[in-house]
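The structure under discussion appears below in the form of structure tokens.
Throughout, protein chains are lettered first and strands after them, A, B, ... in sequence-line order, and every chain is numbered starting at 1.
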There are 8 protein chains.
Amino acid sequence: MSTNANIANFNGQRPVIDPHDAVLLLIDHQSGLFQTVADMPMPVLRNHAAALAKMATLANIPVITTASVPQGPNGPLIPEIHENAPHATYVARKGEINAWDNPDFVAAVKATGRGTLIIAGTITSVCMAFPAISAAYDGYKVFAVVDASGTYSKMAQEITLARVVQAGVVPIDTAAVASELQQTWHRDDAQEWAQIYTRIFPAYQLLIESYLKAQQVEKDHEQLDSVRA
Amino acid sequence: MSTNANIANFNGQRPVIDPHDAVLLLIDHQSGLFQTVADMPMPVLRNHAAALAKMATLANIPVITTASVPQGPNGPLIPEIHENAPHATYVARKGEINAWDNPDFVAAVKATGRGTLIIAGTITSVCMAFPAISAAYDGYKVFAVVDASGTYSKMAQEITLARVVQAGVVPIDTAAVASELQQTWHRDDAQEWAQIYTRIFPAYQLLIESYLKAQQVEKDHEQLDSVRA
Amino acid sequence: MSTNANIANFNGQRPVIDPHDAVLLLIDHQSGLFQTVADMPMPVLRNHAAALAKMATLANIPVITTASVPQGPNGPLIPEIHENAPHATYVARKGEINAWDNPDFVAAVKATGRGTLIIAGTITSVCMAFPAISAAYDGYKVFAVVDASGTYSKMAQEITLARVVQAGVVPIDTAAVASELQQTWHRDDAQEWAQIYTRIFPAYQLLIESYLKAQQVEKDHEQLDSVRA
Amino acid sequence: MSTNANIANFNGQRPVIDPHDAVLLLIDHQSGLFQTVADMPMPVLRNHAAALAKMATLANIPVITTASVPQGPNGPLIPEIHENAPHATYVARKGEINAWDNPDFVAAVKATGRGTLIIAGTITSVCMAFPAISAAYDGYKVFAVVDASGTYSKMAQEITLARVVQAGVVPIDTAAVASELQQTWHRDDAQEWAQIYTRIFPAYQLLIESYLKAQQVEKDHEQLDSVRA
Amino acid sequence: MSTNANIANFNGQRPVIDPHDAVLLLIDHQSGLFQTVADMPMPVLRNHAAALAKMATLANIPVITTASVPQGPNGPLIPEIHENAPHATYVARKGEINAWDNPDFVAAVKATGRGTLIIAGTITSVCMAFPAISAAYDGYKVFAVVDASGTYSKMAQEITLARVVQAGVVPIDTAAVASELQQTWHRDDAQEWAQIYTRIFPAYQLLIESYLKAQQVEKDHEQLDSVRA
Amino acid sequence: MSTNANIANFNGQRPVIDPHDAVLLLIDHQSGLFQTVADMPMPVLRNHAAALAKMATLANIPVITTASVPQGPNGPLIPEIHENAPHATYVARKGEINAWDNPDFVAAVKATGRGTLIIAGTITSVCMAFPAISAAYDGYKVFAVVDASGTYSKMAQEITLARVVQAGVVPIDTAAVASELQQTWHRDDAQEWAQIYTRIFPAYQLLIESYLKAQQVEKDHEQLDSVRA
Amino acid sequence: MSTNANIANFNGQRPVIDPHDAVLLLIDHQSGLFQTVADMPMPVLRNHAAALAKMATLANIPVITTASVPQGPNGPLIPEIHENAPHATYVARKGEINAWDNPDFVAAVKATGRGTLIIAGTITSVCMAFPAISAAYDGYKVFAVVDASGTYSKMAQEITLARVVQAGVVPIDTAAVASELQQTWHRDDAQEWAQIYTRIFPAYQLLIESYLKAQQVEKDHEQLDSVRA
Amino acid sequence: MSTNANIANFNGQRPVIDPHDAVLLLIDHQSGLFQTVADMPMPVLRNHAAALAKMATLANIPVITTASVPQGPNGPLIPEIHENAPHATYVARKGEINAWDNPDFVAAVKATGRGTLIIAGTITSVCMAFPAISAAYDGYKVFAVVDASGTYSKMAQEITLARVVQAGVVPIDTAAVASELQQTWHRDDAQEWAQIYTRIFPAYQLLIESYLKAQQVEKDHEQLDSVRA
């Protein structure tokens, strides 16, 4: 067998993200819906969604956003999305729950001319999974960013992971999207990527702070407080 | 490959629920068996099962129920099932553990003339999984609502999820069933669907309450208590 | 030593609730604040708060409610409070965070002529703890219903429990309040009390359903399905 | 596709246990190894293993046991295994970790003339998974009873579940094995099967106790204590 | 200060159990109420309650049991209580929730002539706590066996622990009761006490099994399987 | 008894924070030590510590900071502390683990002329608890902000909570400090306090976003997307 | 009040460890009993116990050890105890469960001429708590190292914490013992103390490794791999 | 179907490790990155990684290591890797995140002439998963040691497990790698393998200690302390 018989539309290619073929879809990351998230701490989800937007900006990847009836209890899109991806396109829907059922949304995806979709959405089993399954059926290579999506229980997240994998979608976490897009630390914007990781694993911020201090102490020949007179 | 090589009986169709082809099977949701449920809080399960019944009613989908020896320690069906789906048909069995082994039950399914089964049952690995696997083997498209089923441990639920997926059954959560049936908020009964979601993620009820109050304050030019004289 | 040297204002009396001396204070149980609750599932808190209101009604105990700026993001009082305690008095504040800092609120308590306060509030460390500590300082016997209050973390709840106990307040859970008020099953409204317990430990509802069915089977000489021909 | 393209050796048959073709293999359930179990409470594992032995006895299924160097720190087989399956055959190995590498063990399996293996072993990823994968490769239909096996972490259990499923083994929980073997409550030994379930979900024992008491109260016209004079 | 200023009725004595002054009270350990227990696994509670009964038997301590309306949904006493303490006295109540409100119960305690009470009850905050607080107020030395009592949430258990400690009751776990009664391994019934510990920490049973096997191997000069030819 | 017999140095006063008498001590919140924190998610601790600094600024309360050998592996102070409290005074120590053992530190506290200390420190049992116990012994009223301190296990946090309470220190959570300092929403800087709460319970930020949107929709008579043509 | 009215035998002194008055008692840390530990991961307990032994050695504090029938299933003392405290004295008991009931043990304590006991023991509620309570009653200042003791459930640990606090014993965690003994980083053996902390919070080892590397990179002007040609 | 249709590059062979064809790749196990690990306790990960290195040494398997910019915040390789595998080859990269993108690394693998890769890396979804997927695509048989890799959340680990399985990689736990390499206890270095297991399930160390003591007691006819005069 080839290594990707269970993955939709890769046809023997290595099942990884090609940054030049990718579009990022951020679906229904809204203030109201975020109150229903229970499979991970909401601030973690918020950081992951913002990190995705930022990395798309750094990697020059198109971003398409949409919201489900933001005038009602679902609430407005969280502002970090467009703040971190100023180039993102917002597509208003007309009540369709599956964004892929909205012709404007599909048209916006097609207009990018790209064939690889990176999808995150809240709630996971609906706003992420429905477009992911639909797009895979329509011939796209699809990556589902499960931990930049949020849902009402850990069990619901696990069920959805199983469903999208069964449908040939590639599951991926936020850090892996970052690293597949970044590819190497040998690049001019390396520090900006380091900042992205601090949003995904916050201990990384502590590492940077401690690292810089340790080097500064050595450089300045600073004495330890405990050995001062 | 097509996107659903691992899914039974879809034959290249998009692996989603077609409301016009669907039947809902609610199996052995009984007061005694519910005492054994430990993979999720029992009241959550109870709400999910009731929500399924209600959404079938809204979406005009046939519902078939059954129970395992309700005269014994397993106890009676929880009343919410038939309260929320008054059109449901109850099929008594004769001791068969797998509902699909009961000819009356299979006949009731066939009589609907539909080919897509949405199945929930307690306990999950038995009352849901056995009919799901059996029906998939008999040519049905099967959706297993894992979080409207309940079982004796989280591990047992995870094992069962893996088993039914391996057998070509589509795993799905309660919210996704609702959204696949509802399809759009652009419908007259939108508020009734909103009520269903309050049973699946209870924070949604708070959202609605807060939303209505916020709008009322604006509409009535009501002053904040904290700025009253 | 006497048995209550660490309890404020009991002065050697048995540290239990005297229903004839008790007032129930339900403080800031609001739709917005409930979104911040993380020390217990929010629906559990909602059920406990409603149960307290109902048991006060059954036991003829005065209820005083209040809210913190319900015109803002904190949101409206959840409706179950007054639905279950139609005799409750609502006192509007003027921005004071500690309800005990509001003269109208204290006056309403004094007007009952009672000296024992049963207090629940959201969030626990503020809306419950501040009035509890203040009232104990002012000479009241105070019972803090920790699990009918909600707060932002389990740790915050534990800290608050330690603080109010240190201040001489008696900690109590929702079930214990019910039982101290009910006192005996030998009373005409026993079934209404049983309903209250189904809100506190939902398995009790299953017990009642199974119990009634088991007796009905015996009474009707109903045959087990599994032994039918 | 057929419903079992991912399952080894079923060749289009319904992927369920045929009691007439099944053998139960209980591997390395030893007192020392049980001290290393951390994916479930050890007493739960102990109950599940004993329940498997008992149900094999009730269903007339051959049982083969073995142990890994029981003279050393791994310790002796737990006694419940042979107590509940007096007909079981014990096969001593010569240090081979994979029981399937021991010719006597494989010979004992072959001697049964059966083609379906129900396997549990401690630790899961080794003592259960190695023989399961080996037997599937050798043409057996294999069911892996993941929650009657035990291992050193929940993560290790999850990894092993994924591995055996990938290899075409059917994952199953202890309750599902019981129900696939029992098939119906319409049988003379129904009460003995009920006892088996009390070992898998102990709340079932409470259900039976409460059920019998409720019926007895009705039958004896026993008065409630709370309404006695 | 003395070491027990916060403990009721010890008056400067070491706050430990004097087996010659102790009575064991087991209150409302009923099959129905056990379905509501969620602060620990129910089988663990069941084992602890049975272990208490057994240790009272070994230590010649009087046992008094009672139940709350066992003719209703609360269900019958679990049978292990009286099986392990055949000398126990059962006192029927007339609906009083606090056993200490029932004159027959208090009379039975007084009839023992002892002043130290070891109390366990389900649910903890009511059936254990009410009599414990009442008895401490009435001058008894009281030990509350929190983990041989069960209640509807971990939080409810923690609240109750704080309440009884505040009231001067000594909190204790099941193992500590055993060891305070046993006092020394230098006694003829040491093996019976060892059996009691297997009910409290089940790994102890594995230890005994492994220990005996290891000694037998040495005694019999049994060869390791792995070094057999 | 009075309500605060167990609280050090309040002498019959209500055991709450008097903002005019309070000093905030933030001790050893360093990038290296934060890697050892395991009793709460580190980002939560970081937010709480920053929130304390900010509220001291809003309430005009002196802030004193210090660090333990920041030139070594313990790492530098996290920058948020001084960013949010620009008026804070930093006191370097000479290796003393207990900040209260450093004369400069104690002198800085005394120089404020205040008698109430609000203390947070990492790690909790050392950097917070030692100065808290020492200061209480020296006559200060001490509030220990347990959830703005961090330590290596939940158990270590619980032990420390018990120890400081035993020593007469008042335990408090971050939200309660905020509310005791803020006192009322009827103040000009109310929105700044609201921002502080978003750092303590992040759902509050969602509440504000949803609230503003809901009011804007009403004000603008914005149509729901789902009812657009 | 003074700050330590609830603490036994401090009589107004600051309730901290005086290294010159302290003895370390390590009781029943045996290989068999360690299999029953479930309130923390056993390797963590093992590290904490060894760390206590080591810090006593560094601080020149007497150590007394004992074991409960190490010839039986309880097993031998773990070797790390005496390896890290070569100066420790072992006292054999004669079956007494409470080490304080053994005259030789009490005599060994008295022979040190010290009045402050630091006690850890497995299992916590028995082997640690009994001697702690007994010694407090006999006039010693007692510190109970709860997380260098182990027991069969988190609940049992919490109950025991409450019990010993109630009896006037000071609860303390392993890190706090280390820091109270070490007192300052301004000492020649500072690196040895740093090693002790790596056993209590293992992330500290990573901190040291990263710190040294960061300084070495600066000192050696080592180039980052990612900027090499 | 064959038993391994879902596994890359096995082509009908039994999907197990052939020690003679295997290479161990340990990727980016660095002190800084280890601070970000949250899917398992870091010391457990550290033990598993060291155990892998040791077992490769015992089994004569080549080991290749690499690190991601160890001169920066990611920190140095943990020293245990090369200490336990002195024969390991270290390959420096030039910033490539996917080790498989570094030609030297791939060349080192090819130079071994082996076709089976055992891969562990931190963080899991990147440092382990990228090379695993890449190598499977390039024709290698790949085993991913998920619990000797570490990542920032349990959810991220679960997503990665699903992704690598979907790509045809075999998931495996650390214990299973050990046992597949060891194969039998009938070998001269059996005790060294036993030591490896003590690093994977630390209770095994207790088992060995207790076992040896129990045999020594029997051999020496040592009397139990509790039966000494």
Next item on the list: For side chain to side chain contact (heavy atoms under 4.5 Å, CB included), just list the numbers for F:Tyr204 and C:Leu33, CA-CA rounded to whole Å, side-chain angles, deciding distance to a tenth of an Å, and then say yes or no.
Entry: CA-CA 8 Å; F:Tyr204 209 71; C:Leu33 292 174; 4.3 Å; yes
Under 4.5 Å between any side-chain heavy atoms of [X] and [Y], yes or no?
{"X": "F:Val16", "Y": "C:Tyr137", "answer": "no"}
{"X": "C:Tyr152", "Y": "F:Asp173", "answer": "yes"}
{"X": "C:Asn6", "Y": "F:Asn6", "answer": "yes"}

With a 4.5 angstrom heavy-atom cut-off, could you sort out which part of [X] is near chain C: side chain, backbone, both or neither?
{"X": "F:Thr174", "answer": "both"}
{"X": "F:Val145", "answer": "neither"}
{"X": "F:Leu212", "answer": "neither"}

Margin query: Shorter than 4.5 Å, heavy atoms on both sides: which option in C:Thr36, C:Asn74, C:Ile97 has the most such pairs with chain F?
Written below: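 Heavy-atom pair counts peak at C:Ile97.
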Note to self: Quick check: under 4.5 Å, non-hydrogen atoms only, which of residues 153-165 of chain C neighbour chain F?
What the structure shows: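 Result: C:Met155, C:Ala156, C:Glu158, C:Ile159, C:Thr160, C:Ala162, C:Arg163.
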Margin query: Using only non-hydrogen atoms and a strict under-4.5 angstrom cutoff, which residues of residues 108-129 of chain C touch chain F?
Written below: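 Contacts with chain F: C:Ile123, C:Ser125, C:Val126.
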Just verifying a value: how many Å separate [X] [atom1] and [Y] [atom2], rounded to the nearest 0.5 Å?
{"X": "C:Asn98", "Y": "F:Glu180", "atom1": "CG", "atom2": "CD", "answer": "8.5 Å"}
{"X": "C:Gln71", "Y": "F:Gln215", "atom1": "CD", "atom2": "CD", "answer": "10.5 Å"}
{"X": "F:Leu206", "Y": "C:Gln35", "atom1": "CG", "atom2": "CD", "answer": "8.5 Å"}

Checklist line | Backbone of F:Val169 reached by a side-chain donor or acceptor of C:Gln166 within 3.5 Å | finding: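 Indeed, once roles are kept as given, a pair shorter than 3.5 Å links the two residues.
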Notebook entry, point to check: Pick from F:Ala176, F:Ala144, F:Ala203: which one has the most heavy-atom pairs with chain C under 4.5 Å?
Noted result: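 The answer is F:Ala176.
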